[in-house]
Colleague: 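Here it is, the structure, as structure tokens.
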Amino acid sequence: MHVSHGREPGRPSEQRTATFTGTVHLDLVMDAGDVTVNTVVFTPGARTYWHAHPGGQLLQVTGGRGIVASRGGQASIVGSGDLVWAEPGEEHWHGACQDSLLTHTAVSHGPTQWRGEVSEPDYTAAQQA
Ligand code: MN
């Protein structure tokens with residue numbers, strides 16, 4: 001059992017740059033080994049690279065407006081309260097819309113497998129979802 005007080009103590013928020021486009025901050029809520037829970041804040045236009053989670057990932061949007069898209073699939077606009085489940089191994093990305101920040105809680109199963117950057121044309125096209 002793991003009792004969490006909202007975020008892991010002694011773990012400062014991290015700005016991630018290597019696998020994200022734009023300004024993104026992660027705040028660790030819980031690290032239970034194979035499962036990690038993070039609060040993620042994307043500034044307008046910011047998004048992840050393409051990636052997959054070996055055991056899947058649950059996202060719960062807590063504020064703003066954003067986009068989720070899987071490889072070869074339709075992009076979706078998401079807002080506060082929306083839930084997204086990325087299947088194990090499903091290649092996808094998530095991020096803020098161009099005109100809004102996005103905050104979500106991410107429950108990630110297994111180490112993230114990073115792929116390439118989401119291209120500007122792909123990101124722009126996803127705004128029309
Ligand atoms: Mn993901």
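First listed ligand is number 1; within each ligand, the first listed atom is number 1.
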Colleague: Before you tell me yes or no, could you show the steps for Gln98 and Thr124 under side-chain contact (heavy atoms from CB on, under 4.5 Å), namely the whole-Å CA-CA distance, both residues' side-chain angles and the distance that decides it to 0.1 Å?
Modeller: CA-CA 8 Å; Gln98 282 168 323; Thr124 301; 4.1 Å; yes
Colleague: Please check this pair: side chain of Glu90 against backbone of Ser70, looking for a donor-acceptor N/O pair closer than 3.5 Å.
Modeller: no
Colleague: Could you pull out the N/O/S protein atoms under 2.8 Å of the Mn ion (ligand 1), ignoring any water?
Modeller: His51 NE2, His53 NE2, Gln57 OE1, His92 NE2, His94 NE2
Colleague: Salt bridge between Glu87 and Arg71, side-chain N to carboxylate O under 4.0 Å?
Modeller: no
Colleague: Please answer whether the main-chain N or O of His92 pairs with a side-chain N or O of His51 as donor and acceptor at a distance below 3.5 Å.
Modeller: yes
Colleague: Indicate the ring-plane relationship of His109 and Trp85, choosing parallel, tilted or perpendicular according to the 30° and 60° boundaries.
Modeller: perpendicular
Colleague: Using 30° and 60° as the class boundaries, would you call the ring planes of His94 and His104 parallel, tilted or perpendicular?
Modeller: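 Ring orientation of His94 relative to His104: tilted.
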